[in-house]
Protein chains: 2
Amino acid sequence: MGFMSTPERLIEATRELLWERGYVGTSPKAIQQQAGAGQGSMYHHFAGKPDLALSAIRRTAEEMRGAAEATLGGGGTAYERISAYLLRERDVLRGCPVGRLTMDPEIIASAELRAPVDETLDWLRGRLAGIVQEGLDQGEFSAHLVPREIAAAVVATVQGGYVLARASGSPDAFDASVRGLLSLLAPVGTTQ
Amino acid sequence: MGFMSTPERLIEATRELLWERGYVGTSPKAIQQQAGAGQGSMYHHFAGKPDLALSAIRRTAEEMRGAAEATLGGGGTAYERISAYLLRERDVLRGCPVGRLTMDPEIIASAELRAPVDETLDWLRGRLAGIVQEGLDQGEFSAHLVPREIAAAVVATVQGGYVLARASGSPDAFDASVRGLLSLLAPVGTTQ
DNA sequence: GTCTATAGACCGATAGAC
DNA sequence: GTCTATCGGTCTATAGAC
């Protein structure tokens with residue numbers, strides 16, 4: 001720590017700025033300042049803004065999968081693991097560093113930049129669907145639930161929770177969304 | 001139609017561009033071109049980009065409330081009205097013209113620009129919470145559900161559904177999220 | 001009301017010295 | 001590898017003629 005190489009610092013600076021300001025709102029100049037690197041330095045190590053953004057997005061996506069797996073791969077029932085995922089600590093008002101990119105027109109317009117975003121959210125839905133299926137197999141959930149649909153609803157609740165929280169300037173709406181979904185998902189006969 | 005005044009055309013152009021590119025990604029020049037108005041024209045009618053954006057956002061917010069009320073104010077049970085809201089036709093891949101603004105750093109940084117966004121999503125949650133309460137009163141839903149939480153989950157599912165759809169480039173994930181939530185919310189004893 | 005002209009800063013990138 | 005200089009273009013206005 002504190003001894004990151006210049007490419008490393010550029011990627012980290014880009015990750016921060018993409019999270020906070022999006023792709024359109026992030027300029028090479030701002031990246032260079034945040035990284036403490038010069039113009040020439042940045043263009044020596046990366047082909048340009050899209051290239052650097054791609055490296056940054058890939059790393060952020062990987063980190064997100066790791067954080068999700070840390071809660072989803074834990075022990076317990078299906079409900080407990082989904083619950084752990086939904087209730088894990090989050091910097092709610094900053095939003096999702098991956099999901100927020102979907103609102104960026106230039107990310108969506110570029111197949112290359114959109115790919116890691118798509119793959120990450122798709123992986124997450126698949127991972128959750130598998131857990132829901134396990135819950136169904138154990139008789140934990142109502143038999144009429146469709147794993148892929150429940151998984152999509154779980155991920156959407158998180159992504160939409162960020163929207164509500166940022167709109168209101170408080171994490172409360174995020175927490176309410178998550179509690180609402182969990183109350184609907186709670187195994188029958190559960191008092192919580 | 002076809003005879004809009006210049007201020008009117010400027011507002012409509014701004015609404016389109018804010019929806020597609022966000023606040024940061026929308027320039028006065030682009031607005032002028034889309035509206036077919038000159039530089040001087042725009043600055044004659046509006047104080048600047050934030051002023052014009054405020055008018056545009058207010059109108060979009062009003063329109064969104066109207067569209068929601070059209071489905072939520074219809075007849076039927078609570079489940080049917082919530083279902084009608086969730087299943088109404090949407091331009092899914094364009095996202096929510098109000099919700100997408102929450103990812104814009106300059107919207108969030110400005111109390112004035114954020115206000116209509118906050119008020120609209122808050123109104124929607126309140127409106128839905130009232131309907132959930134009616135459903136509880138009618139014994140339609142499990143008694144342990146909390147109206148404000150279910151309402152938040154419903155709105156979050158929609159907002160997050162847009163994120164998933166845009167990430168994957170297809171409306172399918174949005175539809176799956178909605179179906180998942182509805183399957184969880186379905187009154188006990190319902191075959192659907 | 002609308003036009004053109006102008007402003008100073010920044011945009012994303014390239015060139016070439018060191 | 002990093003630096004400074006430079007590029008044509010855009011950003012968000014403002015000024016002033018018509």
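Proteins get letters first, then strands, A, B, ... in listed order; numbering begins at 1 in each. Please read all numbers here as calculations on a predicted model, not as lab measurements.
- The phosphate of D/dG1 has neither OP1 nor OP2 within less than 4.0 Å of any side-chain N or O from A/S41.
- Rounding to the nearest 0.5 Å gives a distance of 7.5 Å between CE of A/M103 and CD1 of A/I108.
- Of the candidate nucleotides D/dT12, C/dG12, D/dC3, D/dT12 has the atom lying nearest to any side-chain atom of B/Q39.
- In this structure, B/K29 does not reach the D/dC11 phosphate: none of its side-chain N or O atoms is under 4.0 Å from OP1 or OP2.
- For the pair A/R100 and A/W19, the cation does not sit on the ring face, since its NZ or CZ is not both under 6.0 Å from the ring centre and inside 45° of the axis.
- A salt bridge links A/R148 and A/D122; the closest N-O separation between the charged side-chain nitrogens and carboxylate oxygens is under 4.0 Å.
- Within 4.0 Å (heavy atoms only), B/G38 reaches sugar-phosphate atoms of the nucleic acid but no base atom.
- Summarising the geometry, the separation between CD on A/Q32 and C1' on C/dC10 is reported as 12 Å, rounded to the nearest angstrom.
- At whole-Å resolution of the value, OH in B/Y23 and P in D/dC11 are 13 Å apart.
- One finds no side-chain N or O of A/T6 lying less than 4.0 angstrom from the OP1 or OP2 phosphate oxygen of D/dG1.
- Between the CG atom of B/D51 and the P atom of D/dA13 there is a distance of 10 Å, given to the nearest Å.
- D/dA15 atom C1' lies 16 Å from atom CE of B/M42, rounded to whole Å.
- Remark: C1' of D/dT10 and NZ of A/K49 are 13 Å apart, rounded to the nearest angstrom.
- Checking D/dT2, D/dC11, C/dA13 against the side-chain heavy atoms of A/P50 singles out C/dA13 as nearest.
- In this structure, the CG atom of B/L10 is 15 Å from the P atom of D/dT12, given to the nearest Å.
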Trace of the side-chain contact (heavy atoms from CB on, under 4.5 Å) decision for B/L124 with B/L72: CA-CA 10 Å; B/L124 181 56; B/L72 294 174; 4.0 Å; yes
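- Between A/Q33 atom CD and C/dA9 atom C1' there is a gap of 13 Å when expressed in whole angstrom units.
- Residue B/Y43 contributes atom OH, which lies 14 Å from atom C1' of C/dT6 at whole-angstrom precision.
- Distance from the side chain of B/H44 is smallest for C/dG1 among the nucleotides D/dA13, C/dG1, C/dG12.
- Inter-residue side-chain proximity for A/Y23 and A/P105 is flagged as unmet; no heavy-atom pair is nearer than 4.5 Å.
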